[in-house]
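Input: a single structure, listed below in structure tokens.
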Amino acid sequence: MISFSRMNSLASCLSRVIVLLAVTAVSLSVSSSKWGEEGVLYGKIGGNITLMCNASNDSLVAEWRFNGTPDISWGFFTDIGHLELPHAHHSATGNYSCYSHSGDLLSSVLLRMGYPPGTPSVFCRASDYENFSCFWKSSVETLLPTRFTASYRSRNHMIGVCLQEPVRPNMCSVRKSEFWSSYQMNITEENPLGSSFRLLDVTMQSIVKPDPPENLLVEPIPFAPRRLRVSWDYPSTWPKEPHFQLKFRVQYRPVQHPLWSEVETANLSDIITDAFAGMEHVIQVSAKDFLDAGNWSDWSVEVRATPWTREIDITTPTSEETLTDLGEPQIDNPIDVHTDPLEKVAILISLGIFAFVVLALFLIMGVLIWVRVRKKGMENGMKPDFLSVIHMKALPKVQIL
């Protein structure tokens, strides 16, 4: 017959085993084939870890070793043969093995400490109106193997998988997306200690961001020391359709200056009119949807160029004198060389407008003076006297006498 004290002792041991098993279930995740690491246990940093020897009889366990040494100051050996690690730190990561009284190895396990995943940060971008991609980043460095799954639900409740590429594990793509539709993305991060997910609502109009323009070319304009001609092409990823147009902005600055100047255009070329003569410039171009949807693209690669100068113009002799076909010296006209033809046209137009304004002012002033004189004459009775004089002059002299 079992004594009452022995029954209490057995009940106490049984309850302790249940508690330890519960702690083990909470703090550890046994490795499985899906994580590709057999014989590995995963523990949460700061949690209570209990390691159980894989022996047929726990009473055979005589010793635990960490990486081959019996010194485990951060844990203690229980009466039933388990090794308990309270409030384990990352330094507890390593190989743990248990041995029998005869020194035989009973079992061994690799413990890896880490954190459960946090909510990932996610953003999406469309380089055109037919496809879009989503990118994510872990909010917590878990120190453990992690995988992501990505899916979406469209406005018409269609569910699909966001395609991932092995070479880019933190990105997925949705192909042949609907232009006017909205999508709810579900990005789930999972590791052996748990999982977390982020839901993100996206619309194509808000996330469109073209790739940078391509084939940027910058050329000096002959005889224009303050101008540069800039040209580029559409991004190759942008659909070549008339209803999906882009607008562009050009930024430029001298190499020695930190501040950028910027112009915007809808064309595939532009002329910089305020470049610094004789100085090398840095030029870049970016693109955006013509109707201002979405965001500007990243800037294109830098291209450097210097406006035209006489010293680098190989088509113009470096001497100030050139010879005519007859051998006579001909002096170059410095005004013609350094004056931009477009600037001449602008000056002529400005002078014409100025002359027109001056002539209009003179005409207006003349009309005002005439109206004022006529009005005063009518008020002073000048008009009747004037008419009587004219009438008397028309009468014969006999009637006048």
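As the structure is a prediction and not an experimental result, all values here were calculated from the model. For reference, positions follow the sequence shown, starting with 1.
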**OP:** Any pair with a residue in residues 150-235 that passes disulfide bond (SG atoms under 2.5 Å apart), sequence neighbours left out, goes on the list, sorted by first then second residue, please.
**Re:** Cys162-Cys172
Original post:
Are Asp270 and Arg229 ion-paired here, with the side-chain N under 4.0 Å from a carboxylate O?
Top reply: no
Subject >> Tyr234 side chain to Leu268 backbone, donor-acceptor under 3.5 Å >> reply: no
**OP:** Check side chain to side chain contact (heavy atoms under 4.5 Å, CB included) between Asn131 and all other residues, then give those that pass, not counting sequence neighbours.
**Re:** Asp128, Arg175
Subject >> Residue that, paired with Cys98, satisfies side chain to side chain contact (heavy atoms under 4.5 Å, CB included) out of Leu83, Leu105, Leu106 >> reply: Leu106
Original post:
Any donor-acceptor pair under 3.5 Å linking the side chain of Asn215 with the backbone of Asp233?
Top reply: no
Original post:
Can a donor-acceptor pair be found between the side chains of Tyr129 and Asp289 at a distance below 3.5 Å?
Top reply: yes
Original post:
Has the side chain of Arg198 got a donor or acceptor atom that lies under 3.5 Å from a matching backbone atom of Pro120?
Top reply: yes
**OP:** Describe, in one word, how the ring planes of Phe223 and Trp308 are oriented to each other, choosing from parallel (under 30°), tilted (30 to 60°) and perpendicular (over 60°).
**Re:** tilted
**OP:** Return yes if some donor-acceptor pair links the side-chain N/O of Arg253 with the main-chain N/O of His257 below 3.5 Å, else return no.
**Re:** yes
**OP:** Examine distances only and state if a side-chain atom of Thr93 and a backbone atom of Met113 form a donor-acceptor pair shorter than 3.5 Å.
**Re:** yes
**OP:** Taking side chain to side chain contact (heavy atoms under 4.5 Å, CB included) as the test, write out the residues that go with Val167, two or more places apart.
**Re:** Glu165
Original post:
Taking only residues at least two apart or on different chains, which pairs with a member in residues 280-301 satisfy ring pair (Phe, Tyr, Trp, His ring centres under 6.0 Å)?
Top reply: none
Original post:
Would you say the side chains of Asp274 and Ser261 form a donor-acceptor pair under 3.5 Å?
Top reply: no
Subject >> Backbone of Ala287 reached by a side-chain donor or acceptor of Ser297 within 3.5 Å >> reply: yes
Original post:
If you measure from OG1 on Thr306 to CD on Glu280, what distance do you get to the nearest 0.5 Å?
Top reply: 4.5 Å
Would you mind writing out the side-chain donor-acceptor pairs for residues 135-145 within the sub-3.5 Å range, not counting sequence neighbours?
| from | atom 1 | to | atom 2 | distance (Å) |
| --- | --- | --- | --- | --- |
| Ser138 | OG | Glu189 | OE2 | 2.9 |
| Ser139 | OG | Thr119 | N | 3.4 |
| Ser139 | OG | Thr119 | O | 2.7 |
| Thr142 | OG1 | Leu144 | N | 3.3 |
| Thr142 | OG1 | Leu144 | O | 3.3 |
| Thr142 | OG1 | Thr146 | OG1 | 3.3 |

Subject >> Polar contact flag, side-chain donor to acceptor under 3.5 angstrom, Gln251-Glu262 >> reply: no
Original post:
Which residue pairs pass the salt bridge (Lys or Arg N to Asp or Glu O under 4.0 Å) test when at least one of the two sits in residues 209-222, sequence neighbours left out?
Top reply: Arg125-Asp211, Lys209-Asp298
Original post:
Heavy-atom count around Tyr115 OH within 6.0 Å, excluding the residue itself: above 12?
Top reply: no
**OP:** Sort out for me which residue in Thr273, Ile272, Val250 forms a side chain to side chain contact (heavy atoms under 4.5 Å, CB included) with Leu228.
**Re:** Ile272
